[in-house]
Amino acid sequence: MPDRSLPDDHRPGGRQPHRDLRLVALVGAGGAVGTLLRHAVGLTLPSAPVPVATLAVNVSGALLLGVLTAALARRGPDTGPRRATRLALGTGVLGGCTTYSTLAVDVVRLAADGRAGVAAAYAVVTLVAGLAAAAAGLALGAAASRPPRRPGVPDVTGVPGGPS
């Protein structure tokens with residue numbers, strides 16, 4: 001009987017996630033979906049005076065990745081269906097949808113057009129908003145994945161020795 005106390009990739013004979021073709025396929029399929037979503041957002045939102053679509057996908061992607069990460073982490077170790085979900089949705093869909101390489105190109109283009117101040121502000125706003133969105137997503141995901149409180153049972157979340 002295999003040792004179920006260890007994650008799949010730490011069991012004797014277990015496969016590392018990047019060598020499991022099923023997981024690689026999930027990332028690829030999710031990435032295709034995320035890229036299509038990014039393209040749809042790009043067609044919908046204006047690109048002047050700054051590339052709003054890139055800002056929107058990066059900030060919303062950071063928020064959703066925070067929610068997903070926290071929700072999955074609260075449900076248990078990164079194995080089995082949780083790992084598959086993280087790889088398909090987090091690495092795949094959200095990784096394909098967000099695009100910090102396009103952010104870099106956008107900043108260079110804005111600066112090359114003589115709008116260095118706008119380029120710098122756009123870069124800073126995107127990064128700060130992305131960090132704030134990720135933090136908010138982590139908090140939302142943690143709160144949403146808490147079991148509901150039972151009447152008459154005190155909330156000991158955050159209390160030393162209680163659940164975190």
Engineer: Using the side-chain contact (heavy atoms from CB on, under 4.5 Å) rule, pick out the option among Leu94, Val52, Leu45, Val41 that qualifies with Val57.
Structural biologist: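 One option only clears the test, and that one is Val41.
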Engineer: Does Leu55 belong to the same Ile/Leu/Val/Met/Phe/Trp/Tyr cluster as Val118, with side-chain heavy atoms less than 4.5 Å apart forming each link?
Structural biologist: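 The answer is yes; both residues are in one hydrophobic cluster.
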Engineer: Show the nearest heavy-atom pair for residues Gly90 and Leu68, with the distance to one decimal.
Structural biologist: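 The answer is N-CD2, 3.4 Å.
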Engineer: For residues 137-144, which side-chain donor-acceptor pairs fall under 3.5 Å, sequence neighbours excluded?
Structural biologist:
none

Engineer: Any donor and acceptor pair, going by atom type alone, linking the side chain of Arg82 with main-chain N or O of Ala73 inside 3.5 Å?
Structural biologist: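 Flag not set: sc Arg82 to bb Ala73 has no pair under 3.5 Å.
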Engineer: Is there a path from Leu65 to Val67 through hydrophobic residues (I, L, V, M, F, W, Y) whose side chains come within less than 4.5 Å of each other?
Structural biologist: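 Different clusters: Leu65 never reaches Val67 through Ile, Leu, Val, Met, Phe, Trp or Tyr contacts under 4.5 Å.
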Engineer: So, do Pro49 and Arg115 sit near enough that their side-chain heavy atoms are less than 4.5 Å apart?
Structural biologist: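 Yes, their side chains come closer than 4.5 Å.
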Engineer: What distance do Arg83 atom CZ and Asp20 atom CG have between them, rounded to the nearest 0.5 Å?
Structural biologist: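 Going from CZ on Arg83 over to CG on Asp20, the span is 9.0 Å.
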Engineer: In sequence, state the C-alpha distance, the side-chain angles, and the governing distance for Leu36 and Val33, and then conclude on side chain to side chain contact (heavy atoms under 4.5 Å, CB included).
Structural biologist: CA-CA 5 Å; Leu36 290 172; Val33 170; 5.8 Å; no
Engineer: Only pairs under 3.5 Å count here: list side-chain donor-acceptor contacts from residues 100-113, not counting sequence neighbours, and write none if there are none.
Structural biologist:
residue : atom : partner : partner atom : Å
Thr102  : OG1  : Thr99   : OG1          : 2.6
Asp106  : OD2  : Thr54   : OG1          : 3.1
Asp106  : OD2  : Tyr122  : OH           : 3.3

Engineer: Please round to the nearest 0.5 Å and tell me the distance separating atom CG of Leu87 and atom CZ of Arg22.
Structural biologist: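 Going from the CG atom of Leu87 to the CZ atom of Arg22 covers 12.0 Å.
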Engineer: If you compare all heavy atoms of Leu26 against all heavy atoms of Ala84, which two are closest, and at what distance to 0.1 Å?
Structural biologist: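 Shortest heavy-atom separation between Leu26 and Ala84 comes out as CD1-CB, 3.7 Å.
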Engineer: Is there a path from Leu37 to Leu63 through hydrophobic residues (I, L, V, M, F, W, Y) whose side chains come within less than 4.5 Å of each other?
Structural biologist: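 No, no single cluster joins them.
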Engineer: Any side-chain heavy-atom pair from Leu72 and Asp78 closer than 4.5 angstrom?
Structural biologist: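 Answer no - side chains too far apart.
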Engineer: Does any part of the side chain of Val27, heavy atoms only, come nearer than 4.5 Å to the side chain of Val24, both counted from C-beta?
Structural biologist: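 Contact flag for Val24/Val27 side chains = no.
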Engineer: Check for a donor-acceptor pair, side chain of Arg38 on one end and backbone N or O of Gly96 on the other, with a separation under 3.5 Å.
Structural biologist: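 Here the side-chain-to-backbone pair exists.
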